[in-house]
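Data first, discussion second: the structure below is written as structure tokens.
On a predicted model such as this, the values are computed, not experimentally measured, just so you know. Chain letters run A, B, ... following the sequence lines, proteins first, then strands; residues in each count from 1.
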Amino acid sequence: MTDMPTPQPIPRKGSLLVQDARTVKRNRAEARFKMYGIIAISMGLLMLLILLTTIIGRGTSAFQQTFVSLNVPLLAEKLDKKGNRDIEDIKKVSTFGYAPLLQAGFEQKVADLGIATDLKPKDMANLLSKDAAATLRDFVLANPDQIGETVVFEFLAQSRVDGYLKGRVTRDSIENDKNISAAQLDLVDALVADGTLAKKFNISFITGADASDARPEAAGIGVAMMGSLAMMLVVLALALPIGVAASIYLEEFAPKNWITDVIEVNIANLAAVPSIVFGILGLAVFINYMHLPNSAPLVGGLVLTLMTLPTIIISTRASLKAVPPSIRDAALGVGASKMQSVFHHVLPLAAPGILTGTIIGLAQALGETAPLLLIGMVGFIASNPPETIAEGLLSPNSAMPAQIYEWAKRADPAFYERAWGGIIILLVFLITMNAIAVLLRRRFERRW
Amino acid sequence: MSLTKLTTSALAIAAFGATAAAARDQVQIAGSSTVLPYASIVAEAFGENFDFPTPVVESGGSSAGLKRFCEGVGENTIDIANASRAMREKEIAACADNGVTEIIEVRVGYDGIVFASDINGNSFAFTPEDWYKALAAQHYIDGALVPNALTSWDQVNPEFPAQPIQAFIPGTKHGTREVFEEKVLLAGCEEGGFLQAMIDGGVDKKEAEEICMAVRTDGKSVDIDGDYTETLARIDSNKDGIGVFGLAFYENNTNKLQVATMSDVIPTTESISTGEYPVSRPLYFYIKKAHIGVIPGLKEFAEFFVADEIAGPDGPLAEYGLVSDPDLASTQAAVAEEKVLGAGS
């Protein structure tokens, strides 16, 4: 390339059939870019697919539980020693006093079915959940007139038996396990063949309370769900009015000066603050200073309100901005006051956007665990189902994500299965909320 | 639209707040995550058998629990702190500063600490000395401290397989770490004569002990600040890893873990209660005496916790993995008469 070629006349571009080199290049670049996009989307979809199959694959088994049906003789000499059917006397028999009844019932069942086994009645009854005695005691206290009769019960089986039916526990894996023996599994096989022991849908996983480490089979997420619900009520009752009022003022009434600029920057900052910070704030202000009760969903709701507010303010301001100024001008032009123009015209038009933002903010708050750690909502807490709304707000409770976190930490692998099951329920809530948000937007949003 | 809503909701919240200050009717417990499973088993049984609501049990670690315990007296402070170690003098003083003067100490039993590795890997028969050699930050060789250069277990003890040293031990915020340092590392240091060698070499005794308990930081030993489930996950992904677990956790995961013997003793509740298995520590809970009679069910809960049918050798706690205290009767008596710390013991 030493000597310059003589300048040639630029060839006319005219052929529609033959593309010149630069067009080919540009078209190739576009095709490549499209391909990158498709690859990115398919990667995302693949991740989602892996996530969903893992969650569903591991979690669905939590919705089924193994039950044993037994005829239990409610012996009067054990339960009502004085024979006066006085409820206070019957209450004195603790759950430990009910163990012999379960053993007798189990022994009778095995004898009736003609199953040959060397197990002692105590080892047979070990196949039942520790929850069985509590179920039995609750029944007797509710129906003291049944004492002396034989009643049919459906008891939960202990977590190892349940794991055996679900394939989590095998004969090889129990070699060193002191909670169950091969002889007990033989009995389980015989009972399964007979139909006494079977897997069934377990509604109490969805409605029930948390259970201690000794009885994972009895644990449910229902009470934690009530806790989450109570928190969402607090968030909705506080964040929506405060957030909407703040954004209307900032957007429609506030003068544009440096103070509003500072506020605006800080709201955007607040939206990016890690949620654990709100937890520390909640501990310092609501619990230590204002003396609100520990572990109460009310405090959890207040903390999550702080976290949700910026999300709501930002989305509300965006949807207020999207309403064209001509609407405001027209309202003012026919003699409406500023406030009338906002409340009669602008706000209704912005409402779908505000609701969408609120629902997305709530969904975000629903899945939050970190701030709850600090205000005492993680642990063995969700065991007292609340009876009134006030109790639901004030008595200690957990939340769904906190409950899942708690289960994932516990020693028994049966809790791990429940953690995945809990994730499914949480996801169903989140998907429903987000679907409502999309629906509202589709249905009511107006474009200009 | 929002003004009326806002005022009504604010009023409602205020009304709830007012009732909140009035009464708390359930016992609140926080502290050691090792004691948490036992405390929750007792809390559940307590809720079932008594007319009181089920107590609330939070975790967060012994130190965090004791700190909250010592924040003061009153309904928005916890009633019971669980701890996997005894309360320190400093903590008792901090409590006293905040008006928590009468504390009842209750020892519920013992917890075994076990060493376990992947079920399909090599088996080990450790002595404390092996652990000291493998994990010490510095060795005292020929009168000088040199950084630990051992990289595989066969260098520690020729009987061991040539498996790289990779230990997952509890982080410093866990009560278990203290036990590990004292009952394994320091014990191993003494058994092997390393401590004596250092003292003979002119090192101050206290300093020598600290050198014995210092853990290497070159990645061969990893501190786990989370729970045992995290240790298990680490071993799952690194089959050469050996982790420190609580006995109860191991017993629930025997299909994934194999336990190593310590000085040729297999850890079981029996071998720990007789003292044959050396690595164990007492578990405690502490009650605020000022809350007895104020918080309903507090004393009943404490008595229920140490009752024979719960904490005894055949009770549900022992079944879960607690080593029951041979001296339980005197603990029961101490709880019954509300004997406080430091009062004529």
Side-chain angles (χ1 to χ4, degrees), chain A residues 91 94-96 130 133-134 137-138 169-170 172-179 209-215 234 237-238 240-242 244-245 287-288 290-296 298 302 343 347 373 376-381 383-384 389-390 393-396 406 408-413 416, chain B residues 1-3 5-6 9-10 12-13 15-17 19-21 24-26 28-30 33 36-45 47-49 51 53-54 56-60 71 74-78 226-229 246 248-249 251-256 258-259 268 309 316 319-321:
Chain A
K91 268 188 188 168
S94 71
T95 44
F96 303 99
K130 302 257 183 327
R137 185 171 181 268
D138 286 346
V169 174
T170 61
D172 294 332
S173 77
I174 59 151
E175 210 173 314
N176 297 316
D177 200 329
K178 63 162 194 162
N179 290 309
D210 190 15
S212 75
D213 288 61
R215 45 178 96 152
V234 175
L238 291 177
L240 187 61
I242 296 176
V244 170
I287 292 179
N288 290 346
M290 289 170 68
H291 292 285
L292 289 174
N294 252 327
S295 322
L298 174 66
L302 289 173
F343 281 92
L347 200 57
L373 277 171
M377 293 184 76
V378 183
F380 176 68
I381 299 172
S383 43
N384 299 308
I389 297 175
L393 287 171
L394 292 171
S395 65
E406 183 61 28
K409 286 197 308 184
R410 292 191 190 166
D412 194 317
Y416 203 58
Chain B
M1 65 146 202
S2 62
L3 199 69
K5 251 192 200 168
L6 194 133
S9 50
I13 299 287
F16 290 143
T19 51
R24 168 152 72 81
D25 57 358
Q26 75 286 321
Q28 286 207 330
I29 308 166
S33 49
L36 175 78
Y38 304 115
S40 60
I41 289 170
V42 181
E44 185 173 59
E48 266 163 24
N49 286 312
D51 283 336
T54 309
V56 167
V57 194
E58 292 169 48
S59 61
E71 267 168 10
E75 283 190 0
N76 70 325
T77 60
I78 57 171
D227 292 275
Y228 293 136
T229 34
F249 188 90
E251 285 186 337
N252 268 303
N253 290 282
T254 48
N255 57 335
K256 294 188 197 110
Q258 61 170 323
V259 73
T268 59
E309 53 189 356
E319 208 172 307
Y320 187 73

So, the side chain of [X] versus the backbone of [Y]: is there a donor-acceptor pair under 3.5 Å, distance only?
{"X": "A:R137", "Y": "A:K91", "answer": "yes"}
{"X": "A:N384", "Y": "B:T54", "answer": "yes"}
{"X": "B:N253", "Y": "A:A411", "answer": "yes"}
{"X": "A:R410", "Y": "A:D213", "answer": "no"}

Geometric class of the B:F249/B:Y228 ring pair [parallel <30°, tilted 30-60°, perpendicular >60°]: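 Geometry flag for B:F249 against B:Y228: tilted rings.
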Close side-chain approach of A:N294 to B:N76, heavy-atom, < 4.5 Å: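 In short, these two side chains do not touch, never coming nearer than 4.5 Å.
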Which bit of [X] comes within less than 4.5 Å of chain A, counting heavy atoms only: side chain, backbone, both or neither?
{"X": "B:E44", "value": "both"}
{"X": "B:P316", "value": "side chain"}
{"X": "B:Q26", "value": "side chain"}

What part of [X] gets within 4.5 angstrom of chain B, counting heavy atoms only: side chain, backbone, both, or neither?
{"X": "A:R215", "value": "side chain"}
{"X": "A:A296", "value": "neither"}
{"X": "A:D210", "value": "backbone"}
{"X": "A:E406", "value": "side chain"}
{"X": "A:S295", "value": "side chain"}
{"X": "A:K178", "value": "side chain"}
{"X": "A:D412", "value": "both"}

Side chain to side chain contact (heavy atoms under 4.5 Å, CB included) partner of A:V169, the single match among A:D177, A:N179, A:I174: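 Filter result, single survivor: A:I174.
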Residue, of B:T268, B:I78, B:T77, B:D51, that accumulates the most heavy atom pairs under 4.5 Å with chain A: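 Of the options given, most contacts go to B:D51.
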Neighbour count above 12 (heavy atom, 6.0 Å) for B:Y320 OH: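 For B:Y320, atom OH is crowded (more than 12 foreign heavy atoms under 6.0 Å).
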